[in-house]
Amino acid sequence: MTLGIAVIGTGRMGADHVRRIETAVGGARVAAVADLDADRAAAVARGIKGCSVHTDPAAAMAAPGVDAVLIASSGPAHEAALLDAFARGLPVLCEKPLTPDPAGALRVMEAERRLGRRLVTVGFMRRYDAEYQDLQHTLRRGKLGRALMLHCRHRNAASPSFFTTEMLIRDSVVHEADATRWLLGQEITAVQVLRPRPSSYAPRDLGDPQLVLFETSGGAVVDVEIFVNCGFGYEVRCEAVCERGTASIGAGGGLVTRTTGRAGRAVPQDFTVRFAEAYDREVRAWVGAVRAGRAEGASAWDGYAAALVCEAGVRAQRSGERVEVRLPERPALYA
Ligand code: ISE
């Protein structure tokens with residue numbers, strides 16, 4: 001059977017996923033798309049046989065041939081779409097963040113628990129990146145000893161016009177919240193945020209860059225430089241400092257050119273390029289799991305845990321204080 005997918009949200013990420021499902025993922029097709037902007041949705045669906053176009057996410061999910069849902073709308077729209085998908089018993093791949101706030105994530109998780117089975121995969125694509133997977137295996141194998149610290153850098157060329165200081169945490173550092181939990185297999189227990197004088201190239205009122213510190217349940221410390229208007233491109237790095245050595249990813253290999261007295265490599269300009277293969281692998285893995293009736297990847301619990309870390313991060317950002325993260329016990333469904 002070919003899995004019919006309703007794609008909710010046809011902005012940059014949604015359009016990229018539609019193209020991916022149609023060209024790079026076997027066993028699936030785009031059966032419906034929805035976007036508040038009907039013209040944008042129609043443009044994305046053009047040329048896709050049997051793909052219906054909607055402005056209402058619920059109508060797209062109810063369209064003929066829909067077996068699963070991919071949510072790529074903005075974070076605040078995720079909760080309603082997730083609950084609609086649950087009401088129809090449809091499996092969902094939901095772009096990060098699961099919801100921007102922990103209260104919404106908790107409602108989603110509780111609704112899923114009432115159904116008694118995992119329907120949501122959260123699209124934390126770094127879990128599917130070959131370098132991140134290498135790093136995770138290296139740390140888990142233990143040859144380098146215990147991980148003491150992670151140094152992370154997360155840079156975007158420029159932030160979109162709607163970006164706020166809170167979103168540096170909830171939309172960007174949420175990746176490091178998940179990556180830290182996944183790489184170390186530990187929970188984040190406290191967050192601090194240091195704020196240098198903002199770059200004069202950042203939009204007015206945006207506190208950019210910032211330095212975010214996590215403490216973890218296993219006694220590690222993680223620093224994250226988040227800089228969403230670095231100007232030169234998209235760069236995500238991580239160096240693990242362990243008892244017997246270090247391991248680092250994100251230096252950017254690839255073609256080196258030498259010309260007119262300079263040597264250099266291209267820097268990707270955004271995440272759809274830097275993580276293109278990871279997104280391909282993520283969507284393929286999800287489609288494979290849905291077709292086999294299995295759960296895959298980051299769960300609603302992971303989305304909730306990341307949202308709690310981000311909530312603490314936003315409080316730390318505002319107060320300048322160290323804020324503890326209080327994670328409840330993990331429900332059995334997510335064991
Ligand atoms: C964006 O939504 C992403 O998920 C990117 O990976 C991240 O680098 C960027 O800062 C976010 O706004």
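Both counts, for ligands and for their atoms, begin at 1 and track the order of listing.
Here the rule is side-chain contact (heavy atoms from CB on, under 4.5 Å) with Leu93, and of Val122, Val283, Ile71, Val290 only Val283 fits it.
Under the 3.5 Å distance criterion, with hydrogens and angles disregarded, a donor-acceptor pair is assigned to the side chains of Gln133 and Arg281. Neither side chain, His137 nor Arg140, offers a donor N or O lying under 3.5 Å from an acceptor on the other. A donor atom on one side chain and an acceptor atom on the other are not found under 3.5 Å apart for Glu166 and Gln317. Judged purely by distance below 3.5 Å, without hydrogens or angles, the side chains of His151 and Glu225 never pair a donor atom with an acceptor atom.
Other members of the cluster containing Tyr201 do not exist, because no ILVMFWY side chain is joined to it at under 4.5 Å.
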For ligand 1, which of its N or O atoms have a protein N or O partner closer than 3.5 Å, and how long is each gap?
residue  : atom   : partner : partner atom : Å
ligand 1 : 2 (O)  : Lys96   : NZ           : 3.0
ligand 1 : 2 (O)  : Asp171  : OD2          : 3.0
ligand 1 : 4 (O)  : Lys96   : NZ           : 2.9
ligand 1 : 4 (O)  : His175  : NE2          : 2.8
ligand 1 : 6 (O)  : His175  : NE2          : 3.1
ligand 1 : 6 (O)  : Tyr234  : OH           : 2.9
ligand 1 : 8 (O)  : His154  : NE2          : 2.6
ligand 1 : 8 (O)  : Asn156  : ND2          : 3.1
ligand 1 : 8 (O)  : Tyr234  : OH           : 2.9
ligand 1 : 10 (O) : Asn156  : OD1          : 2.6
ligand 1 : 10 (O) : Ser172  : OG           : 2.7
ligand 1 : 12 (O) : Asp171  : OD2          : 2.8

